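Every chain is numbered from 1, with letters handed out A, B, ... down the list of sequences. Please read these numbers as outputs of a predicted model, since none were measured by experiment.
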Number of protein chains: 2
Amino acid sequence: MGRNAQFKNEEFIDAALKIAADHGPAAVTIAAVAREVGAPVGSVYHRFLSRDVLMAEVWLRVVVSFQEAFLAALEKGEGIEAALHTPRWVRQHSAEARILLLYRREELVTGAWPEELKERVLAIKRRLDGGIRNYAERTFGKAGREDINRTVFALIDVPYAAVVRYIRLGKKPPRSIDGYIMQTYFTIMGRKK
Amino acid sequence: MGRNAQFKNEEFIDAALKIAADHGPAAVTIAAVAREVGAPVGSVYHRFLSRDVLMAEVWLRVVVSFQEAFLAALEKGEGIEAALHTPRWVRQHSAEARILLLYRREELVTGAWPEELKERVLAIKRRLDGGIRNYAERTFGKAGREDINRTVFALIDVPYAAVVRYIRLGKKPPRSIDGYIMQTYFTIMGRKK
DNA sequence: GTTATATTAGAATGTATATTCTAATATGTC
DNA sequence: GACATATTAGAATATACATTCTAATATAAC
């Protein structure tokens, strides 16, 4: 009952994502989002409790998009594939990559994390932590603090480092960095498998 | 002639730096800086043309502080020392490190870079680029695009990646990362020297 | 066709801050 | 001591947004 919606929630998230990727999170004003969609300001608030909630949805979408394949590789025990997932995903998802790797959560969601979304964020974090810990155990046997640090470094930090410079320039990371990531992976994690 | 100053320009830069490191660049309002120093708002504008100019000074101070020893090591041909400078500097300069590694220039200086400071920024950038290129030439002979990429990766990107996770947590980077940085350096740059 | 209501529309409001302005206050120079 | 002016003081102004509000509109249910 009631009038049919003219826009979909997704459209607003898309618009916010696009604006954030193109001009930075500060450019994501409610008015700008509404303009991009062609909707009135009120329609944004009809769907999202606040700007923070909207931006949180943007963040969640991006993180999930990245983690999906990363964790899948990890769960199959394919560490190299997981490490190389970063440059590959970045090449395929420029806008999302800019958001995930160029900004911090607090730049998108400026206030406290919206209560309704806290659980989803926590679940995502737990899944990533678990995936990493499992992989470290499989690789090193036990998995003490230092084994986990080493795994995070090789699987996340180094691929990020290799890629972020190009994202800043708005360019696709060149193929050569895949080699650096692999070399570093073997150096840090050892050769086995 | 005229009344003696009650505050020094440096005090305002110090205050802005401290606030940015503790609470993020958005917390650096002119009122907050004035409060921190114990000066009136007008005194800030008496010294700095705008918030952007003040923040630019903060940025310049931090960058110079970091680059000094980094370039010195590089010019002496000590690549490992240069690579390890990042974790060492971070341990000694927590506040500066938070600003340099946690935020981007555009988060500090939100508008166009103040005209009067453009030249200083450019000079700094040139000096860093030159130092890197020189070192790549010394190490690889020629120094094509790819040699420079490789050098940047080993000397800057990887040390940054190793360190930034701890900065986010407000912790000092543990000693173990120095080992990762060195291992990666050798893997990427080769063993010689 | 009437009614209830989901949704569109966009104007009005409130707030936070950068910046500007006007007025006091010291201090070096004469 | 009087003057010129660098500096302090802080109130007033302007702007940019997030958020709220009031009013129209279309459609499903009856």
Side-chain angles (χ1 to χ4, degrees), chain A residues 1-17 19-20 22-59 103 106-117, chain B residues 1-17 19-20 22-59 103 106-117:
Chain A
M1 50 174 118
R3 180 176 182 170
N4 282 349
Q6 217 168 122
F7 317 99
K8 297 191 228 150
N9 288 15
E10 290 297 304
E11 288 181 71
F12 293 92
I13 302 175
D14 288 344
L17 192 151
I19 295 167
D22 289 351
H23 307 289
V28 184
T29 64
I30 300 298
V33 171
R35 195 178 328 121
E36 175 81 17
V37 172
V41 166
S43 285
V44 179
Y45 282 94
H46 185 66
R47 292 146 202 282
F48 302 92
L49 190 60
S50 67
R51 180 182 182 280
D52 269 346
V53 169
L54 172 61
M55 295 306 274
E57 293 286 2
V58 170
W59 176 255
Y103 307 104
E106 314 89 59
E107 269 181 273
L108 300 175
V109 182
T110 54
W113 203 268
E115 203 57 47
E116 46 163 325
L117 298 175
Chain B
M1 50 174 111
R3 180 177 181 170
N4 282 349
Q6 219 168 121
F7 317 99
K8 295 191 229 152
N9 289 13
E10 290 297 306
E11 289 180 71
F12 293 92
I13 302 175
D14 289 344
L17 191 151
I19 295 167
D22 289 351
H23 306 289
V28 184
T29 65
I30 300 297
V33 171
R35 196 179 326 123
E36 175 81 18
V37 173
V41 166
S43 285
V44 179
Y45 282 94
H46 185 67
R47 291 146 203 282
F48 302 92
L49 190 59
S50 67
R51 179 181 182 281
D52 269 346
V53 170
L54 172 60
M55 295 307 273
E57 293 286 3
V58 170
W59 175 255
Y103 307 104
E106 315 89 60
E107 269 181 274
L108 300 175
V109 182
T110 54
W113 202 268
E115 204 56 47
E116 47 163 325
L117 298 175

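- When rounded to the nearest whole Å, the span between CG of A:Leu108 and C1' of D:dA18 equals 17 Å.
- Taking B:Ala32 as the reference, B:Ile19, B:Thr29, B:Arg35 meet the side-chain contact (heavy atoms from CB on, under 4.5 Å) condition, with sequence neighbours excluded.
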Restricting to nitrogen or oxygen on both sides, can you table the protein-nucleotides 4-8 of chain D pairs closer than 3.5 Å?
| from | atom 1 | to | atom 2 | distance (Å) |
| --- | --- | --- | --- | --- |
| D:dA6 | N3 | B:Arg3 | N | 3.2 |
| D:dT7 | OP2 | B:His46 | NE2 | 3.2 |
| D:dT8 | OP1 | B:Gln6 | N | 3.1 |
| D:dT8 | OP1 | B:Phe7 | N | 3.4 |
| D:dT8 | OP1 | B:Arg47 | NH2 | 2.6 |
| D:dT8 | OP2 | B:Ser43 | OG | 3.0 |
| D:dT8 | OP2 | B:Arg47 | NH2 | 2.7 |
| D:dT8 | O5' | B:Ser43 | OG | 3.4 |
| D:dT8 | O4' | B:Arg3 | NH1 | 3.3 |

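- Among residues two or more places apart in sequence or in another chain, the side-chain contact (heavy atoms from CB on, under 4.5 Å) test is passed with A:Glu10 by A:Ile13, A:Arg61.
- Not counting sequence neighbours, the partners of B:Ala39 by the side-chain contact (heavy atoms from CB on, under 4.5 Å) test are B:Phe7, B:Phe12, B:Val37, B:Ser43.
- Evaluation of the side chain to side chain donor-acceptor pair (under 3.5 Å) rule for B:Glu106 yields B:Arg104 as partners, not counting sequence neighbours.
- Residues satisfying the side chain to side chain donor-acceptor pair (under 3.5 Å) test with A:Glu115, not counting sequence neighbours, are A:Lys118.
- With sequence neighbours excluded, the residues that form a side-chain contact (heavy atoms from CB on, under 4.5 Å) with B:Ala56 are B:Val109, B:Trp113, B:Pro114, B:Leu117.
- Residues B:Val28 and B:Ala16 come closest through the heavy atom pair CG2-O, 3.7 Å.
- Whole-Å rounding puts the A:Tyr45 OH to C:dG10 C1' distance at 14 Å.
- Atom P of nucleotide C:dT20 and atom CZ of B:Phe48 are separated by 16 Å, given to the nearest angstrom.
- Screening residues 49-58 of chain A for salt bridge (charged side-chain N to carboxylate O under 4.0 Å, His left out), with sequence neighbours left out, gives A:Glu57-A:Arg120.
- For DNA chain D, the residues of residues 26-39 of chain A within the heavy-atom distance limit of 4.0 Å (strictly under) are A:Val28, A:Thr29, A:Ile30, sorted by number.
- Taking atom CG of residue B:Asp52 and atom C1' of nucleotide C:dT19, one finds them 13 Å apart after rounding to whole Å.
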